[in-house]
A.B. asks: 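Dropping the structure in here first, questions after.
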Amino acid sequence: MVPELSVVIPMFNEEEVLPLLVQRLRPILDGMNVPYEVVAVDDGSKDLTAVLLQRYHREWPNLRVLRLRANAGHQAAISAGLASALGDYVVTIDADLQDPPEIIPQMLAAAKDDGVDVVYGVRNDRSTDTWFKRASAQAFYKLIGLMSQTSAHADAGDYRLMSRATVDAINSLPEHNRVLRFIVPALNFPSDTVEYKREERAAGDSKYPLMKMVKLSLDSLTGFSTAPLRLATFAGFGGAVLAVLLVLYTLISRSQGHTVAGWTSTVAIVAGVGAVQLVCVGILGEYIGRMYGHMQGRPTYFIAYDSMTAQGADHGPTDTPLPASPHPETIQATDEAPDAATHAARVTSPQPSRLRG
């Protein structure tokens with residue numbers, strides 16, 4: 001049976017928050033009374049995330065485990081989930097529980113009642129974020145809006161519901177290094193919003209440090225705007241005009257005997273021109289790098305295991321082995337309390353890497 005709803009969850013080293021996520025998400029989806037699947041994409045986790053997912057997969061038939069062979073990144077993991085999801089509607093949500101799964105029924109109802117293809121989860125309260133993150137996000141979204149034809153809500157991240165038509169359109173795009181929070185609005189499909197309060201991370205650490213945020217910003221800027229390339233062109237023309245004026249000024253000063261001696265002005269001019277050149281070369285390099293990556297045609301992710309296609313939920317000979325398996329005591333502790341399961345998973349001893357589902 002084709003599910004009506006698919007929930008795609010990218011995960012990377014989420015062993016601490018995973019029990020809490022299952023504890024909150026499963027009752028909500030079971031109570032919706034619609035056929036559903038949960039596509040958990042393990043993005044090359046190094047902790048016991050893969051083991052816990054296999055354990056929950058045995059107990060929760062609707063949970064589908066998709067494991068990537070190596071860490072491909074947050075956006076690539078979501079893309080892998082979208083390519084594998086089967087539902088008529090697909091929700092993407094992070095595993096950290098900052099975005100509450102309790103509003104998924106509201107998002108699905110809005111999509112059906114209003115006849116829209118996309119329902120964005122919009123944060124109406126971001127008090128749990130630092131002032132720097134809030135200010136930088138607002139400035140960045142305004143910059144993208146000014147420099148491109150794409151508009152995206154500054155308070156909408158990767159928590160959204162999409163129709164099958166929207167997901168098929170995204171999957172058909174050949175673009176690598178895609179940033180879905182801008183690609184989806186760029187499709188300009190009918191949309192609606194559902195507001196919610198953003199919570200603190202339930203457990204674990206953030207998977208988006210400063211450098212990853214910078215990379216995401218560069219991918220967004222170069223992927224949706226040619227304004228930086230035009231800026232380099234304008235800077236080149238401006239530099240050429242200034243150079244011509246400087247030559248004319250030098251010739252006139254020399255003819256009048258007003259030559260200026262000194263190395264300060266020379267160094268300043270050379271440094272200024274050099275700085276402009278370096279900035280322009282850097283911007284051009286960003287675009288050339290994207291063209292180079294696209295011409296290579298390398299996939300952004302490789303699937304190691306899919307619980308839906310594995311025979312009898314067994315791991316095949318080409319599947320990536322799982323990390324050490326927790327003891328039966330760990331599984332018992334998970335049933336009793338999520339925190340106890342997290343603690344027990346950390347102290348387990350190595351077991352055979354191949355597990356039966």
A.B. asks: Nearest 0.5 angstrom please: Tyr56 OH to Arg26 CZ, how far?
C.D. replies: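 Between atom OH of Tyr56 and atom CZ of Arg26 there are 10.5 Å.
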
A.B. asks: Kindly indicate whether the side chain of Thr166, heavy atoms from C-beta on, has any atom under 4.5 Å from the side chain of Ser163.
C.D. replies: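 Side chain of Thr166 against side chain of Ser163, heavy atoms only: contact under 4.5 Å found.
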
A.B. asks: So how far is it from Asn71 CG to Asn13 CG, rounded to the nearest 0.5 Å?
C.D. replies: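 Here the rounded value is 8.0 Å.
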
A.B. asks: Within the structure provided, determine whether Asn62 and Leu29 are in side-chain contact (heavy-atom separation under 4.5 Å).
C.D. replies: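 SC-SC contact between Asn62 and Leu29 ruled out.
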
A.B. asks: Grab the two heavy atoms, one from Ser307 and one from Leu63, that are nearest each other, plus how far apart they are.
C.D. replies: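 In terms of heavy atoms, the two residues are closest at OG-O, 4.2 Å.
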
A.B. asks: Please find the pair of heavy atoms, one from Glu14 and one from Thr49, that lie closest to each other, and give the distance.
C.D. replies: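 So the minimum-distance heavy-atom pair works out to N-OG1, 2.8 Å.
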
A.B. asks: Would Ser84 and Ile303 satisfy side-chain contact (heavy atoms from CB on, under 4.5 Å), going step by step from the backbone distance to the final call?
C.D. replies: CA-CA 10 Å; Ser84 303; Ile303 296 176; 4.1 Å; yes

A.B. asks: Measuring from Ile93:CD1 to Asp158:CG, what's the distance to the nearest 0.5 Å?
C.D. replies: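 Going from CD1 on Ile93 over to CG on Asp158, the span is 11.0 Å.
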
A.B. asks: Kindly indicate whether the side chain of Gln54, heavy atoms from C-beta on, has any atom under 4.5 Å from the side chain of Tyr305.
C.D. replies: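 In contact.
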
A.B. asks: What I'd like to find out is whether the side chain of Glu16 reaches to under 4.5 Å of the side chain of Asp47, using heavy atoms alone.
C.D. replies: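 Contact flag for Glu16/Asp47 side chains = no.
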
A.B. asks: Would a distance-only check, ignoring hydrogens and angles, find a side-chain to backbone donor-acceptor pair under 3.5 Å from Asp192 to Ala111?
C.D. replies: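 No, Asp192 side chain to Ala111 backbone: no donor-acceptor pair under 3.5 Å.
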
A.B. asks: With ILVMFWY side chains joined below 4.5 Å, transitively, what does Leu86's cluster contain besides itself?
C.D. replies: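 Other cluster members: Met308.
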
A.B. asks: How about Ile78 and Val41: do any of their side-chain heavy atoms sit closer than 4.5 Å?
C.D. replies: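 No - every pair of side-chain heavy atoms lies 4.5 Å or more apart.
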
A.B. asks: Evaluate side-chain contact (heavy atoms from CB on, under 4.5 Å) for Val22 paired with Glu59, printing each intermediate quantity in order.
C.D. replies: CA-CA 11 Å; Val22 174; Glu59 300 178 352; over 6 Å; no

A.B. asks: Would you list the pairs meeting salt bridge (Lys or Arg N to Asp or Glu O under 4.0 Å) in which at least one residue belongs to residues 104-121, sequence neighbours left out?
C.D. replies: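 Every pair satisfying salt bridge (Lys or Arg N to Asp or Glu O under 4.0 Å) with a residue in residues 104-121: Glu4-Lys112.
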
A.B. asks: Given Leu66 and Val8, is the side-chain contact (heavy atoms from CB on, under 4.5 Å) satisfied, shown in steps?
C.D. replies: CA-CA 10 Å; Leu66 196 70; Val8 174; over 6 Å; no

A.B. asks: Are Ile28 and Leu161 joined in one hydrophobic group, where the rule is that I, L, V, M, F, W and Y side chains link up if heavy atoms are under 4.5 Å apart?
C.D. replies: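 Hydrophobic grouping puts Ile28 apart from Leu161.
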
A.B. asks: Do the side chains of Arg160 and Val119 get nearer than 4.5 Å, heavy atoms only?
C.D. replies: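 Contact flag for Val119/Arg160 side chains = no.
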
A.B. asks: Would you please test Tyr36 and Leu108 for side-chain contact (heavy atoms from CB on, under 4.5 Å) and show each step?
C.D. replies: CA-CA 12 Å; Tyr36 73 88; Leu108 182 60; over 6 Å; no

A.B. asks: If you compare all heavy atoms of Glu37 against all heavy atoms of Gly87, which two are closest, and at what distance to 0.1 Å?
C.D. replies: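 What the structure gives for the nearest pair is OE2-N, 3.9 Å.
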
A.B. asks: Can you name the nearest heavy-atom pair linking Leu97 to Glu199, along with the distance?
C.D. replies: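 Taking Leu97 first and Glu199 second, the nearest heavy atoms are O-CB, 4.1 Å.
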
A.B. asks: Please report the closest heavy-atom contact between Pro101 and Arg24, naming both atoms and the distance.
C.D. replies: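 Looking at all heavy atoms of both residues, the closest pair is CD-NH2, 3.6 Å.
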
A.B. asks: Considering only heavy atoms from C-beta outward, does the side chain of His74 approach that of Asp43 to under 4.5 Å?
C.D. replies: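 Contact flag for His74/Asp43 side chains = no.
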
A.B. asks: Minimum heavy-atom separation for Leu187 and Ala169, please, with both atom names.
C.D. replies: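 Result for this residue pair: CD1-CB, 4.2 Å.
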
A.B. asks: Would you call Leu25 and Trp60 a side-chain contact if the rule is heavy atoms closer than 4.5 Å?
C.D. replies: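 Yes - at least one pair of side-chain heavy atoms lies under 4.5 Å apart.
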
A.B. asks: To the nearest 0.5 angstrom, please state how far the CG atom of Asn124 sits from the NZ atom of Lys197.
C.D. replies: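 Output value for this atom pair is 9.5 Å.
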
A.B. asks: Would you give the length of the straight line joining atom CD1 of Ile183 to atom OG of Ser79, rounded to the nearest 0.5 angstrom?
C.D. replies: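 Answer rounded to 0.5 Å: 7.0 Å.
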
A.B. asks: Output the distance between atom OG1 (Thr92) and atom CD1 (Ile170), rounded to the nearest 0.5 Å.
C.D. replies: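 One gets 8.5 Å once the value is rounded to the nearest 0.5 Å.
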
A.B. asks: I'd like to know whether Asp94 forms a side chain to side chain donor-acceptor pair (under 3.5 Å) with Tyr159, so could you lay out the CA-CA distance, the side-chain angles of the two residues, the decisive distance to 0.1 Å, and finally the verdict.
C.D. replies: CA-CA 7 Å; Asp94 291 338; Tyr159 191 18; over 6 Å; no

A.B. asks: So which pairs with a foot in residues 161-170 pass salt bridge (Lys or Arg N to Asp or Glu O under 4.0 Å), sequence neighbours left out?
C.D. replies: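 Applying salt bridge (Lys or Arg N to Asp or Glu O under 4.0 Å) to every pair that reaches into residues 161-170, excluding sequence neighbours, yields Arg164-Asp168.
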
